[in-house]
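Reckoned from all heavy atoms, side chains included, excluding hydrogens, waters and symmetry mates.
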Amino acid sequence: MKRNRELAKGYSPDAIEEKWYAFWLEKGLFNAEPDASKEAFSIVIPPPNVTGSLHMGHAFNNTFQDILCRTKRMQGYSVLWLPGTDHAGIATQNVVEKDLAKKGLTRHDLGREAFVKKVWEWKEVYGDRIIKQMKRLGNSCDWRRERFTFDEGLSRAVRAVFVRLYKKDLIYKGKYIINWCSRCHTALSDLEVEYREMPGKFYYVRYPFVGEEGSLLVATTRPETILGDVAIAVHPRSEQYRGMIGKRVRVPLTDREIPIIEDNMVDPEFGTGCVKITPAHDPNDFLVGQRHDLEQIQVIDSEGVMNENAGRYRGMTLEQAREAAAKDLDALRLLERTEEIKHSVGHCQRCGTTVEPYLSEQWFVRTKPLAERGVQAVKDGRITWTPEQWEKTYFHWMENIRDWCISRQLWWGHRIPAWTCADCRHVTVAETDPAECEKCGSRNIAQDEDVLDTWFSSALWPFSTMGWPERTPTLDYFYPTSLMVTGFDIIFFWVARMIMMGLEFMDEVPFKDVYIHSLIRDEKGDKMSKSKGNVIDPLVMIDQYGADALRMALAALSTQGRDILLSSDKIETYRHFMNKLWNAARFALMNLDDEPQPIDRARLRLQDRWILTRCQEVTQKITKCIDGYDIGEAARSLYDFTWGDVCDWYIEMSKPALRGDEGPERRRTAQGVLDEVFKTLLPLLHPFIPFVTEELWAAFGWGDTSIMRAPWPRPQEALCFADARTSMRALQDTVSALRNLRAEAHVAPQQWMSRAVIRVDNPAVAEMLRDNLGQLSGLCRVHEVAITPLSEPRPAASLASVVGDAEIGLPVGDVLDIPSEIARLTQEIASIEKNVAASRARLDKPSFVSRAPQEVVEKERARVAEGTAQIARLKENLDSISH
């Protein structure tokens, strides 16, 4: 074995990250193969849009998955982490259309075939940008298996699924209300609609009764859609309107009459308690219309302009028609009043255009039969959710699911495999392009112009990426996958649909566990957005602090069920952690021989037994945390163990032995322990900070390949010592108390003091302290530490502290100006007593305790408790140095 003792004095991530990532790829260390001798662990990466770039949400999601995959490899699993990207229909088409617009062209100028070719050209140039960025983060994906939702194999799977669902009558075509973007000219999924608070108005409009005096008052935000009204609805239990059900009213601005109906959809507490029903322009109204078999009158066209059914408003934009209709209603004395409001308005996520509920003929998946199996899979435990609270959200949506609109009016996407015959109007749905109508044999057939919703292809991701519809060895071995890690915002649009499709086509769940990760927010808790200027770019952070620091920060700041509050300062903190680890390893390497030394149990001192025991405890805890997807607790425990136990305590306490001060045998024993500590620590840290641990593993000379090939540490009973933790805690408390007394005496950290006295009657504690006098002296910089019984008098002019069964005295007469210190302590006691008295006076007032916010009252109580403790402590010191 050859140690590398030439490590640079400071850790530089730039120097090692590119080197080691290239090494991992060259050695094929991320590659996954079916292996009957191993248990499988597999994750399919949530495919980012091919148009995207790495953001903090991606960075956390990827880091979480990488930690699990690297751990499982070291635990002996055959691990597949399958990467890929989504063709992102509307997003990618918009990017290319914007590029064409700069040249004064539209997609229609090119035609469909040429435009799709143009998009493919764009994808070849820019489509792997986010993949390169994911590699910079350290993702250990099997890049040989990278997939794209528009790959030939995945496209074949999409067709197969569509055809099979159609033949089972689970796909149909029909008219339905959908989200429509008049700029992009396509239906949108709910996820592609962003809601913004916008100013608006309530228009209170009177609908005159037919055949009698009076009118019904209705509140609406959209008077331009009055022209499409077909009914007025009231709640069945409404006392106010019960006698009006069945009557008819006249639609303002028209000569039509419509009925008053009852429906549970109406909220009797909202507006006037009755609602105008416009089935062609509101999704809730559409459902009411279906229940009551109402006419559908469309008054807005696909361009967002009033159509031929809008009478004199035809050709107007919605804003123009709204203004004109309001003026006309007012002139007819049917507009009672208007009211300024703010309401949530949907906008196209890609172009910002206001989204219109639009009645359109689209393709749909009949989801209820599929959802029933998806619900059962969670109820019977085949799929578990972490945090568990998201299970209820999933059930609520699945049990109230609506049919899924899967068609989009785009050119970039999977073309719907349906051909309509011009002669007999039969629709042929087939996996391969037909040459003729399957019904009449006519060759006069045309393929549907629409493409499939991007979520349709991504719903197949867990099995289509592994070769389905073929039964490949990869599919047989790695499906179902082990885990899906994603955000809560796509539970409905992706997770639920993967579950439905997996059960339908594989007759098995797509994954066994679902982990819903938190949102990344700024340090104030605000959502990151470019408009707020609070976005933290992960690539900038990698450039500045290194990938390991970013990964460790994201992991350590995460807590299940709570959002992550991130700042560049917090990432910098973990850059300091890399330096601490680096310097500790560098110290170890300079003090270790090339050949590892055996651990001689007979020569182990307290600190040796303690750190070996801590290694076993930490190994057990980290393994349990990672297995339970609690990477935050795992990362924080590793941080504390590394910085506190290893660096601040063990390394400092091992220095005398490593210097040879305690003889050659003790030196070899300390070397063996230090070697074991790092041989345990680096593999535990590797999944979190892979680059620096790989560099250090190579420097220690363990193995001839990579830390990725190292076995995951397991607790060793032979290296656990039952008494070590309690004894070491007592020693640490004693050291801390002595250091605190030095600080209270304003003694510089490097200054040696002549003497300290520890008075204790407990024989076990006294023996432990005597065994570690050298450590007490060196760690506290005190030349002599005396252990005496409590019956001995306290040293004169000393500061004192009680720790457990012992009282620690630090004589300060030779380092402290006693009269000045007495004056300082007296003044400080008086100041604190004044503050405590003020807080007590507030708490004594019943009005303060009853009226003030609870947190304010508790703060005052805490001030009293803290101040009282400080006063007692200061008086003890004053008493000590006064005698």
Side-chain angles (χ1 to χ4, degrees), residues 154-179 187 189-190 279 283 286-287 289-291 293 296 359-377 397-409 413-434 436-442 445-464 468-469 492-510:
L154 272 68
S155 296
R156 188 159 65 93
V158 167
R159 275 205 174 189
V161 166
F162 186 96
V163 172
R164 295 178 196 190
L165 289 175
Y166 181 81
K167 289 181 177 178
K168 290 182 71 172
D169 195 31
L170 291 173
I171 283 183
Y172 66 94
K173 195 172 188 180
K175 268 201 166 185
Y176 203 88
I177 283 279
I178 47 89
N179 300 308
S189 73
D190 289 345
F286 177 81
L287 296 175
Q290 286 190 319
R291 287 195 288 271
D293 195 24
Q296 298 169 342
L359 186 62
S360 173
E361 190 169 51
Q362 303 285 343
W363 289 90
F364 294 89
V365 173
R366 211 180 303 277
T367 48
K368 195 164 185 61
L370 300 171
E372 288 170 354
R373 291 189 68 187
V375 168
Q376 190 57 42
W397 189 75
M398 292 286 272
E399 289 167 354
N400 296 277
I401 198 166
R402 295 182 181 180
D403 287 356
W404 172 18
C405 175
I406 57 171
S407 47
R408 298 289 181 268
Q409 290 65 52
H414 295 99
R415 188 101 173 251
I416 288 178
W419 288 259
T420 301
C421 178
D423 296 328
C424 73
R425 305 310 299 167
H426 177 73
V427 176
T428 301
V429 172
E431 293 187 34
T432 56
D433 292 7
E436 60 186 32
C437 173
E438 65 182 359
K439 183 177 182 182
C440 71
S442 170
I445 59 174
Q447 188 173 2
D448 197 298
E449 293 290 324
D450 290 352
V451 299
L452 286 163
D453 176 12
T454 301
W455 295 105
F456 189 88
S457 52
S458 58
L460 321 181
W461 189 250
F463 55 90
S464 64
W468 189 91
F492 314 134
F493 306 105
W494 191 42
V495 179
R497 288 166 180 170
M498 283 189 287
I499 292 172
M500 290 189 286
M501 292 300 188
L503 288 166
E504 175 67 20
F505 291 97
M506 294 295 297
D507 200 30
E508 179 59 278
V509 296

Looking at [atom1] of [X] and [atom2] of [Y], how far apart are the two atoms once the value is rounded to the nearest 0.5 Å?
| X | Y | atom1 | atom2 | result |
| --- | --- | --- | --- | --- |
| Leu460 | Arg497 | CG | CZ | 12.0 Å |
| Lys173 | Tyr166 | NZ | OH | 10.0 Å |
| Met501 | Ser458 | CE | OG | 10.0 Å |
| Asp403 | Leu370 | CG | CG | 9.5 Å |
| Arg415 | Asp450 | CZ | CG | 9.0 Å |
| Ser442 | Arg425 | OG | CZ | 11.0 Å |

Heavy atoms, side chains only, cut-off 4.5 Å: are [X] and [Y] in contact?
| X | Y | value |
| --- | --- | --- |
| Ile171 | Ile406 | yes |
| Val451 | Ile416 | no |
| Met398 | Met500 | yes |

Could you list the residues that satisfy ring pair (Phe, Tyr, Trp, His ring centres under 6.0 Å) with Trp468, not counting sequence neighbours?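 With neighbours one apart ignored, the set is Phe463, Phe505.
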
Any idea which heavy atoms bring [X] and [Y] closest together, and the distance?
| X | Y | result |
| --- | --- | --- |
| Leu503 | Ala377 | CD1-CB, 4.0 Å |
| Ser360 | Ile178 | CB-CG1, 4.1 Å |
| Ala430 | Trp419 | O-CZ3, 3.8 Å |
| Ala418 | Val429 | CB-CG2, 3.9 Å |
| Pro369 | Leu170 | CG-CD2, 3.9 Å |
| Asp453 | Cys405 | OD2-O, 4.2 Å |

Among Lys175, Arg408, Gln409, which residue meets the side-chain hydrogen bond (donor to acceptor under 3.5 Å, both in side chains) test with Gln362?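 Single side-chain hydrogen bond (donor to acceptor under 3.5 Å, both in side chains) partner of Gln362 among Lys175, Arg408, Gln409: Gln409.
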
Under 3.5 Å, is there a donor-acceptor pair between the Gln290 and Gln296 side chains?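 Their side chains do not contain a donor-acceptor pair, so the 3.5 Å distance test is not met.
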
Greater than 12 external heavy atoms within 6.0 Å of Arg402's CZ: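 No, because the 6.0 Å sphere around CZ of Arg402 holds 12 heavy atoms or fewer from other groups.
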
Testing Trp404, Tyr176, Phe162 for ring-ring contact (aromatic ring centres under 6.0 Å, His included) with Trp363, which one passes?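 Exactly one pass, corresponding to Phe162.
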
So, using side chain to side chain donor-acceptor pair (under 3.5 Å) as the criterion, who are the partners of Ser155 when residues are at least two apart?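 For Ser155, the residues satisfying side chain to side chain donor-acceptor pair (under 3.5 Å) (neighbours in sequence not counted) are His414.
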
Apply side chain to side chain donor-acceptor pair (under 3.5 Å) to Asp507 and list each qualifying residue two or more places apart in sequence or on a separate chain.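 Expected list: Arg373.
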
Any Lys/Arg nitrogen of Lys439 or Asp423 sitting under 4.0 Å from an Asp/Glu carboxylate oxygen of the other?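 Result for this pair is no, no salt bridge flagged.
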
Derivation and outcome, side-chain contact (heavy atoms from CB on, under 4.5 Å), residues Ile445 and Thr420: CA-CA 5 Å; Ile445 59 174; Thr420 301; over 6 Å; no

Go through Asp433 and Arg159 one step at a time and tell me if the side-chain contact (heavy atoms from CB on, under 4.5 Å) criterion holds. CA-CA 10 Å; Asp433 292 7; Arg159 275 205 174 189; 2.7 Å; yes

Would Arg164 and Glu504 count as a side-chain contact (heavy atoms from CB on, under 4.5 Å) here? Give the steps. CA-CA 10 Å; Arg164 295 178 196 190; Glu504 175 67 20; over 6 Å; no

Sidechain-backbone polar pair: Arg366 side chain, Tyr172 backbone, donor-acceptor under 3.5 Å: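 No, the answer is negative, given that no donor and acceptor are paired below the 3.5 Å cut-off.
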
